[in-house]
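Worth saying up front: this structure is predicted, and the values here are computed from it rather than measured. In what follows, chains carry the letters A, B, and so on, assigned in the order in which the sequence lines appear, proteins first and then strands, with residues in each chain numbered from 1.
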Number of protein chains: 2
Amino acid sequence: MATIIDVARLAGVSKTTVSRVINNYPHISADKKKQVLNAMEELGFTPNLSARRLRGQVATTIAVVVPKIVNPFFSYLVDAIEQVGYKNGYQTLICQTNEDKEKELAYLNLLKTKQADGIIMTSIENDWETIKPYIEYGPIVLCNEYVSRVDVPMIRVDQYQGTYVGVKHLIEQGHRKIAYCTGGLFTEFGKDKDRNHGYQRALEEAGIAVNPNWILVDKHTIEDGKLVMRQLLEMKDRPTAVFTGSDEIASGLMMAAKQAGLSVPGDLAILGFDDQPIAEVLEPALSTIRQPIEQMGRKAGEILLAMLEQADLEPAVYELPVELIVRKST
Amino acid sequence: MATIIDVARLAGVSKTTVSRVINNYPHISADKKKQVLNAMEELGFTPNLSARRLRGQVATTIAVVVPKIVNPFFSYLVDAIEQVGYKNGYQTLICQTNEDKEKELAYLNLLKTKQADGIIMTSIENDWETIKPYIEYGPIVLCNEYVSRVDVPMIRVDQYQGTYVGVKHLIEQGHRKIAYCTGGLFTEFGKDKDRNHGYQRALEEAGIAVNPNWILVDKHTIEDGKLVMRQLLEMKDRPTAVFTGSDEIASGLMMAAKQAGLSVPGDLAILGFDDQPIAEVLEPALSTIRQPIEQMGRKAGEILLAMLEQADLEPAVYELPVELIVRKST
DNA sequence: AAACTGATTGAAACTGGTTTCAAAAAAATG
DNA sequence: CATTTTTTTGAAACCAGTTTCAATCAGTTT
């Protein structure tokens, strides 16, 4: 690999001058600039980013922490973030935690060692108290997942509202026995708490008591959805509608329901969350709560880049709207 | 951030000794080792990877080039690769080309500047002649996509066989009018050529002439599938079966077919490719050619890592089996 | 013509690690 | 006990850039 010294030698200047050309500093004679450019071209020179980082403390890399990239919700999020990054000359490092606390911390260390300038977290495994100290090493933006304290910018949808609207819709369809089946365990705050809150509130307003048997948490995949359906089938007192935390769970639920001879929405109404491509493909098409995934990713990327330009940006909460999409499954 | 010098000072040794402890070199007194370890702990020291890279020429990073991460085929591939990488202490850099030649080259430059030790390419946008020179800078492994010359290891499935078996299956179901609808444009070699070849061969063996109207290329998404269906509907002479290059295209096709009142497989048989989760969810469940995505990713990761350990590994072709999964759509 | 200004340039220091080299100390050998 | 070998250690060089600082140079201003 050609180094800056090779270029300097070939161009007959010092490496300082070459560095100035690379970084587009003013006050360089057009003459020398051209020589340097030619030399760079001739040698196929690409500056070594490790060296730049070491001195300059700039990584031009952002890291995106996701639980699982195979989950379309997160792959769309990563997609949007990556686009913003690339447009601004940043590389995107994809960090998959697989819901492992250790792994999450390992990825946070990228900040410490300046391998990433900033991190966008789309999920949180550790306590916020564990993660918070890392903001000292570089900007962190939360996107999708959030916490109660505003130590960092958060891009989120109103999960409470989403769930509330969804459950209310089910109630309006005449359902009184509504199961609730979502991802995270109940936490003290954040996404899952708000969802839970929305569910409870909608029931409460309609004067419906919560049946704890119908609350199923820690469900994520299509497979989980199938399992949940089996659980529901075994109940003496079965719900007539299910609010799910993702279109995947809803898909599994629907498959298993149909297999068991139940009609959707006749015997069981199913409501998804996210509005992924799969929602439209299902038969019957899935009613769902649409999250503006792309917008969220883009916003998160933009905020992070803004923070990198301007370190003192005040952290704020950016709330994007959710929307109930009624199709055929409710 | 604490540096190695801070640690050395606190432990009362030279930074050389600290470095030796970090890298687990022999010949260090248990005594000093302990002091260093304590100091590292106390300062929360994490070595700066840029510095290590700069000197050591090791990035402990692998890059994965994909056309689009939102395509589940690629996200599963990335997932498998990332797992192998993480287990071996490597970070995974996700590089999305969006089918842009420039972007692909930008990502190949990661090798040149030692930001990545090696690259796994799951798609190829530029000519192989353009890409090939980069192997000088670090190992490249092709996974999924391939080229005719064996300059680098290739992990692939027998695309010819997959398509051949699939089309033959359709013929065995009594179809004589079989459309072919897949991703890449016809290239001189590689995946798409072999698929095309398998299609032609299967028809030929059954004494069926190819109808060029029924050959549709450059289709990738669900949306593309819907569009194709519209095209098919407008034809006077319509195919009775479609072989598709991905489960997404097949999904779009199926949706539009049902919307148009066609029964699947009665009026139109549809065969997918990949066997993604969506295949099982569709109604009727999609018959498809299963690719061992996870295996492919894992193998690609392992080969790349092996090449990093042992630079002189002879490039070879690793062919994994495809399998016809017959469900309800054919 | 002397003094001042700003543009242009390069030498040297610096980033935070690893590696080389040599020396000192300890252990093993004859 | 002298000699050899092996451990243990640190100083200094090195990786490839960026940044600081000072010097040179040309053009103005007095």
Side-chain angles (χ1 to χ4, degrees), chain A residues 1-37 39-40 43-61 89 109-117 137-138, chain B residues 1-37 39-40 43-61 89 109-117 137-138:
Chain A
M1 265 304 295
T3 73
I4 199 172
I5 296 195
D6 300 323
V7 175
R9 197 150 30 211
L10 183 62
V13 298
S14 73
K15 62 180 188 159
T16 310
T17 301
V18 176
S19 173
R20 289 193 178 109
V21 172
I22 295 170
N23 295 286
N24 244 306
Y25 278 21
H27 312 316
I28 298 194
S29 64
D31 192 28
K32 301 227 163 179
K33 186 163 181 173
K34 198 163 172 186
Q35 287 172 49
V36 171
L37 254 19
M40 278 169 51
L43 295 172
F45 170 76
T46 319
N48 181 314
L49 219 105
S50 291
R52 301 182 86 167
R53 280 181 185 160
L54 184 54
R55 184 59 221 246
Q57 311 286 328
V58 200
T60 59
T61 299
N109 267 316
L110 296 177
L111 268 190
K112 237 181 166 176
T113 59
K114 279 290 161 233
Q115 289 179 76
D117 300 285
Y137 305 115
Chain B
M1 265 304 295
T3 72
I4 199 172
I5 296 194
D6 300 324
V7 175
R9 197 149 29 210
L10 183 61
V13 299
S14 72
K15 62 178 188 161
T16 311
T17 302
V18 177
S19 174
R20 288 192 180 110
V21 172
I22 296 170
N23 294 286
N24 244 304
Y25 278 21
H27 311 316
I28 299 194
S29 65
D31 193 28
K32 301 226 163 178
K33 187 163 179 173
K34 199 165 171 185
Q35 286 171 49
V36 171
L37 255 17
M40 279 169 51
L43 295 171
F45 170 77
T46 320
N48 181 315
L49 219 103
S50 291
R52 303 181 85 168
R53 279 181 185 159
L54 185 53
R55 183 60 220 246
Q57 311 285 327
V58 200
T60 58
T61 300
N109 267 318
L110 297 177
L111 267 189
K112 237 181 166 176
T113 58
K114 280 290 162 232
Q115 289 178 76
D117 299 282
Y137 305 115

Exercise. Tell me: CE of B/M40 to P of C/dG16, nearest whole Å?
Worked result: 16 Å
Exercise. Is any side-chain N or O of B/T16 closer than 4.0 Å to OP1 or OP2 of D/dG10?
Worked result: no
Problem set entry | Residues touching DNA chain D, which here means a heavy atom under 4.0 Å, drawn from residues 20-29 of chain B | B/R20, B/H27, B/I28, B/S29
Exercise. Which part of the nucleic acid does B/V13 contact within heavy-atom distance under 4.0 Å: base, sugar-phosphate only, or nothing?
Worked result: sugar-phosphate
Seminar exercise, completed: All heavy atoms of B/V18 vs all of B/A8, minimum pair found to be CG2-CA, 3.6 Å
Exercise. Under 3.5 Å, is there an N or O donor on one side and an acceptor on the other linking the side chain of B/K15 and the base of C/dG17?
Worked result: yes
Please output the side-chain donor-acceptor pairs of residues 22-36 of chain B that fall under 3.5 Å, not counting sequence neighbours, one pair per line with the distance.
residue: B/N23; atom: OD1; partner: B/R52; partner atom: NH2; Å: 2.9
residue: B/N23; atom: ND2; partner: B/S19; partner atom: O; Å: 2.8
residue: B/S29; atom: OG; partner: B/K32; partner atom: N; Å: 3.4

Problem set entry | Within residues 30-37 of chain A: residues closer than 4.0 Å to DNA chain D (heavy atoms) | none
Problem set entry | Over all atoms of both residues, closest heavy-atom pair of A/F45 and A/I4 | CE1-N, 3.5 Å
Exercise. How is B/T17 classified with respect to the nucleic acid when contacts are heavy atoms under 4.0 Å: base, sugar-phosphate, or nothing?
Worked result: sugar-phosphate
Exercise. Can you check whether B/R55 has a side-chain N or O nearer than 4.0 Å to OP1 or OP2 of D/dC14?
Worked result: no
Problem set entry | Atom of A/L54, atom of B/S50 and distance for their closest heavy-atom approach | N-CB, 4.2 Å
